[in-house]
Every structure is written in C-alpha cells, then in structure tokens.
Amino acid sequence: HFYLPALRRSVCDMSTEDQGPLEVMKKCEDLPEESEEVIYKLVEDVLSREKDGQTRAKEIKSGLVDEFEGMWNVTIGKAFTSTFNYKPPYFIQMMYKPERICLQIYQSGE
C-alpha cells in the first residue's frame, strides 16, 4: 500500500488528525483489535482514492477477502441498513466523516 500523507488532509482539519476520517459507530464486541485496524486502514485507503460508490464497495470487499477470506458484505450509503446475518466477530459500522457516508461491513453468516 502506498500513502500520500501530504495530500491526505488539509491544514484546517489538523485538529482531528488523531481520529482520522473514519469513525467507528458500532462493532461486534469480540472483533479483535488487529482485525479492526486492518479493516480501518483498508477502508480509509480505498475511500481516499476512489470516488465511485460501486468501485469502493468492490475494492473494500476484495481487500477483505484477501485478508480474512470468507464471504463479505460491504454496504455504503447514507444510512445503516438493519437486516444482516453476520458471522461473529466480523461486523463493523463506520462513518466516513468527510462525506458523511455510512459503511456497514460484515462477514456473511451461513
């Protein structure tokens, strides 16, 4: 992965530097910290370079499959959807603050 930190955030939002552009809204309590880190980095990377919603979801999904295997579901929209059947502990909801979009990411259950 390559990062362009200089272009990443404008000077005006340096105050939120510690939090970054993503905020975790809800997650499975048993989600390991390392897994959360991996998901966070992947999502941040894809959203910062892709603008198209479909491409974003597809890229995040393939990144998750590479990293964790299994079947993944990635929903990107203006609100969180409530129906899902996920395989614990892989479930996380995040808000991408710059665009105020909601992401729901989970490994599909049986």
Side-chain angles (χ1 to χ4, degrees):
H1 287 298
F2 53 93
Y3 291 102
L4 305 168
L7 307 173
R8 215 63 189 285
R9 300 184 177 94
S10 60
V11 180
C12 62
D13 55 22
M14 282 305 187
S15 58
T16 58
E17 186 75 46
D18 55 326
Q19 302 166 280
L22 281 170
E23 188 180 340
V24 174
M25 308 304 273
K26 194 170 157 194
K27 62 179 178 176
C28 178
E29 271 142 42
D30 303 327
L31 182 67
E33 214 165 288
E34 315 78 86
S35 303
E36 187 180 334
E37 247 342 70
V38 169
I39 295 170
Y40 190 104
K41 284 202 169 67
L42 172 70
V43 170
E44 189 183 9
D45 178 49
V46 172
L47 295 186
S48 65
R49 61 187 162 80
E50 288 296 343
K51 291 293 162 249
D52 176 66
Q54 293 269 286
T55 310
R56 283 174 157 180
K58 222 182 293 177
E59 290 226 354
I60 291 170
K61 204 173 188 170
S62 69
L64 292 164
V65 172
D66 289 348
E67 200 63 53
F68 303 103
E69 295 174 340
M71 297 281 289
W72 286 82
N73 201 309
V74 177
T75 317
I76 300 177
K78 290 292 172 199
F80 294 118
T81 50
S82 54
T83 52
F84 55 86
N85 171 21
Y86 73 93
K87 193 183 273 181
Y90 297 113
F91 167 77
I92 192 165
Q93 286 180 336
M94 297 191 251
M95 166 82 77
Y96 185 57
K97 294 183 288 192
E99 296 172 37
R100 298 206 59 72
I101 51 174
C102 304
L103 292 103
Q104 181 160 286
I105 296 168
Y106 59 94
Q107 200 175 52
S108 308
E110 301 313 316

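Computed from a predicted structure; not experimentally measured. What you see below is based on every heavy atom in this structure, not just the backbone, and it leaves out hydrogens, waters and symmetry mates.
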If a pair satisfies salt bridge (charged side-chain N to carboxylate O under 4.0 Å, His left out) and one of its residues is in residues 55-68, list it, with sequence neighbours excluded.
R49-E59, R56-E99
Go through the structure and list residues passing side chain to side chain contact (heavy atoms under 4.5 Å, CB included) with M71, not counting sequence neighbours.
S108
Looking at residues at least two apart in the chain, or sitting in another chain, which of them share a side-chain hydrogen bond (donor to acceptor under 3.5 Å, both in side chains) with Q54?
none
May I ask you to test the L47-L103 pair for a side-chain heavy-atom distance under 4.5 Å?
yes
Anything under 3.5 Å between a donor and an acceptor, one on a side chain of residues 30-37, the other on a protein residue two or more places apart or in another chain? List them.
unit_1 : atom_1 : unit_2 : atom_2 : d
E36    : OE1    : K27    : NZ     : 2.6
E37    : OE2    : K41    : NZ     : 3.0

Measure the SG-CE distance between C102 and M25 for me, rounded to the nearest 0.5 Å.
7.0 Å
Counting C-beta onward and ignoring hydrogens, is there a side-chain heavy-atom pair between I76 and I60 closer than 4.5 Å?
yes
Return the set of residues passing side-chain hydrogen bond (donor to acceptor under 3.5 Å, both in side chains) with Q107 (not counting sequence neighbours), or none when no residue passes.
none
Just wondering, do V43 and I105 contact through their side chains at under 4.5 Å, heavy atoms?
yes
Distance col, row K97:NZ vs M94:CE, nearest 0.5 angstrom, shows 12.5 Å
Rounded to the nearest 0.5 Å, the OH atom of Y86 sits from the OH atom of Y106 at a distance of 11.0 Å
Partners of S62 by side-chain hydrogen bond (donor to acceptor under 3.5 Å, both in side chains), sequence neighbours excluded?
none
So which pairs with a foot in residues 57-76 pass ring-ring contact (aromatic ring centres under 6.0 Å, His included), sequence neighbours left out?
F68-W72, F68-Y90, W72-Y90
